[in-house]
Amino acid sequence: MEIKAQNIDHKDIFYPPGGILLWIIIILELITFGLGIGGLVYYGKLEPELFHQSRIQLNTSIGTLNTLILLVSGYFMANTVLKLKSGAIESAKKYLVWTMLGGLLFVGLKSYEYVEKLTGDLYMGDNMFFTFYWLMTGFHLAHVLVGLVILVFSWWQIKTRPRSLQVTDLESGAAFWHMCDLIWLLLFPSLYLIF
Amino acid sequence: MEKKNLLILFILIGMTQVSAFLGVFNLGVVNYLTWLVMGLAAVKFFLVAFVFMELRKAHFFWKFATVLIGLLVVVVVGFWA
């Protein structure tokens, strides 16, 4: 069983791995979240004690565990693309399933963290720190959910129509998934560790 | 290539553990620890982008844009927090 491989020169500015449209999205998303983090530290400077007291109410262990889960999931995703490029479709499918399981675990743990915060009466409107916390982690979670939908679609395509699958399709999904990693790698220390 | 990815994963996990440990301290007061934590975050950011995302294969423009944004966020947090 073979998949469609394309000879693309990624050194061409119009063909980055994953496609130019996705990379435009990635750059815009990184800028958006970067501005959010900038806002967070700006307001943190205005009210350092409030931000410190709020930050220590976050569960750093869950934040750390979620970081590790996303990193491992990203590793599986990278291997999925590698295997698909080498034509090992069964291995690629296996790695893709592990990637999705990592994503689901992240969503489950994040939901648990949210429930913990809500039962502890820590809402979005409580103070500026929690406004940033809910908005930024919420938007990030929305990206993870969209990423999961893309991965499920890719998995379904590999399973049912492997001949119609192109490596670039999966590379785009992989790039989106890794973008969630990149955003979280900046969010985690800014929200859970710094203040 | 798979072995390289696995090695990078172990490095990423190690750096995350170090960051989490440093988070025990009040980083807002000890400024150099803030820089250390954000420096680790930057290294992790670049490793994921260049190795897992295969950004190393891309045109210089995409590498430059990604590195610039990552560094800007780290520097802004390092200076302000």
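Lettering of chains follows the sequences in order, A, B, ..., and the numbering in each one begins at 1.
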Participant: Heavy atoms under 4.5 Å from chain B: which residues of residues 24-36 of chain A carry them?
Facilitator: A:Ile24, A:Ile26, A:Ile27, A:Leu30, A:Ile31, A:Gly34

Participant: Going only through I, L, V, M, F, W and Y residues with side-chain contacts under 4.5 Å, is there a path from A:Val115 to A:Leu104?
Facilitator: no

Participant: Please flag which part of B:Met38 lies under 4.5 Å from any non-hydrogen atom of chain A: side chain, backbone, both or neither.
Facilitator: side chain

Participant: With a 4.5 angstrom heavy-atom cut-off, which part of B:Leu9 approaches chain A: side chain, backbone, both or neither?
Facilitator: side chain

Participant: Go through the atoms of A:Asp181 and report whether side chain, backbone, both or neither lie under 4.5 Å from a heavy atom of chain B.
Facilitator: side chain

Participant: Find out if a path of hydrophobic residues (ILVMFWY) with successive side-chain heavy-atom gaps under 4.5 Å connects B:Leu47 to B:Phe10.
Facilitator: yes

Participant: Between B:Val76, B:Val48, B:Val74, B:Ile8, who has the most heavy-atom pairs with chain A when the cutoff is under 4.5 Å?
Facilitator: B:Val48

Participant: Should we count CZ of A:Phe130 as having more than 12 external heavy atoms under 6.0 Å?
Facilitator: yes

Participant: Do A:Lys83 and B:Glu2 touch side chain to side chain, with heavy atoms closer than 4.5 Å?
Facilitator: yes

Participant: Just verifying a value: how many Å separate A:Thr60 OG1 and B:Phe21 CZ, rounded to the nearest 0.5 Å?
Facilitator: 13.0 Å

Participant: For B:Leu72, which fellow cluster members are found when Ile, Leu, Val, Met, Phe, Trp and Tyr are connected by side-chain heavy-atom distances below 4.5 angstrom, either directly or through intermediates?
Facilitator: B:Phe60, B:Phe64, B:Leu68

Participant: Residues of residues 72-80 of chain A under 4.5 Å from chain B (heavy atom pairs)?
Facilitator: A:Val72, A:Gly74, A:Tyr75, A:Ala78, A:Asn79

Participant: Which ring-ring contact (aromatic ring centres under 6.0 Å, His included) pairs, counting each pair once, include a residue from residues 151-177 of chain A, with sequence neighbours left out?
Facilitator: none

Participant: Of the backbone (N, CA, C, O) and the side chain (C-beta and beyond), which part of B:Ile69 lies under 4.5 Å from a heavy atom of chain A, both, or neither?
Facilitator: side chain

Participant: What distance separates B:Phe52 CZ from A:His178 NE2, expressed to the nearest 0.5 Å?
Facilitator: 7.5 Å

Participant: Under 4.5 Å heavy-atom distance to chain A, tell me which part of B:Lys4 shows up: side chain, backbone, both or neither.
Facilitator: neither

Participant: Can A:Met128 be reached from A:Leu46 by stepping across I, L, V, M, F, W or Y side chains whose heavy atoms are under 4.5 Å apart?
Facilitator: yes

Participant: Would you name the heavy atoms of B:Val37 and A:Pro189 that are closest together and state the gap between them?
Facilitator: CG1-CB, 3.6 Å

Participant: Rounded to the nearest 0.5 Å, what separation is found between the CG atom of B:Leu12 and the CG atom of A:Leu68?
Facilitator: 9.5 Å

Participant: Got more than 12 heavy atoms from elsewhere within 6.0 Å of CZ, A:Phe139?
Facilitator: no

Participant: Do any N or O atoms from the side chain of A:Trp23 and from the backbone of B:Trp62 form a donor-acceptor pair under 3.5 angstrom?
Facilitator: no

Participant: Might you confirm whether atom CH2 of A:Trp134 has over 12 heavy atoms from other residues, nucleotides or ligands at distances under 6.0 Å?
Facilitator: yes

Participant: Are more than 12 heavy atoms, taken from residues, nucleotides or ligands other than A:Tyr123, located less than 6.0 Å from that residue's OH atom?
Facilitator: yes

Participant: How long is the straight-line distance from NZ of B:Lys57 back to CG of A:Asp9, given to the nearest 0.5 Å?
Facilitator: 11.5 Å

Participant: When you group the ILVMFWY residues by side-chain heavy-atom contacts below 4.5 Å and let the links chain together, are A:Leu135 and A:Leu118 in the same group?
Facilitator: yes

Participant: Hey, which of A:Val41, A:Thr64, A:Ile56, A:Asp12 has the most heavy atom pairs under 4.5 Å with chain B?
Facilitator: A:Val41

Participant: Of the non-hydrogen atoms in B:His59 and A:Lys11, which two are nearest, and what is the gap between them?
Facilitator: CD2-O, 3.0 Å

Participant: Please find the pair of heavy atoms, one from B:Ile13 and one from A:Leu71, that lie closest to each other, and give the distance.
Facilitator: N-CD1, 4.5 Å

Participant: Please report the closest heavy-atom contact between B:Ala49 and A:Leu182, naming both atoms and the distance.
Facilitator: N-CD2, 4.0 Å

Participant: Kindly indicate whether the side chain of B:Ser19, heavy atoms from C-beta on, has any atom under 4.5 Å from the side chain of A:Leu193.
Facilitator: yes

Participant: Hey, quick one: are B:Leu36 and B:Tyr32 part of the same hydrophobic cluster, counting side-chain heavy atoms closer than 4.5 Å, chains of contacts allowed?
Facilitator: yes

Participant: So does A:Tyr43 have more than 12 non-hydrogen atoms from other groups sitting under 6.0 Å from OH?
Facilitator: no

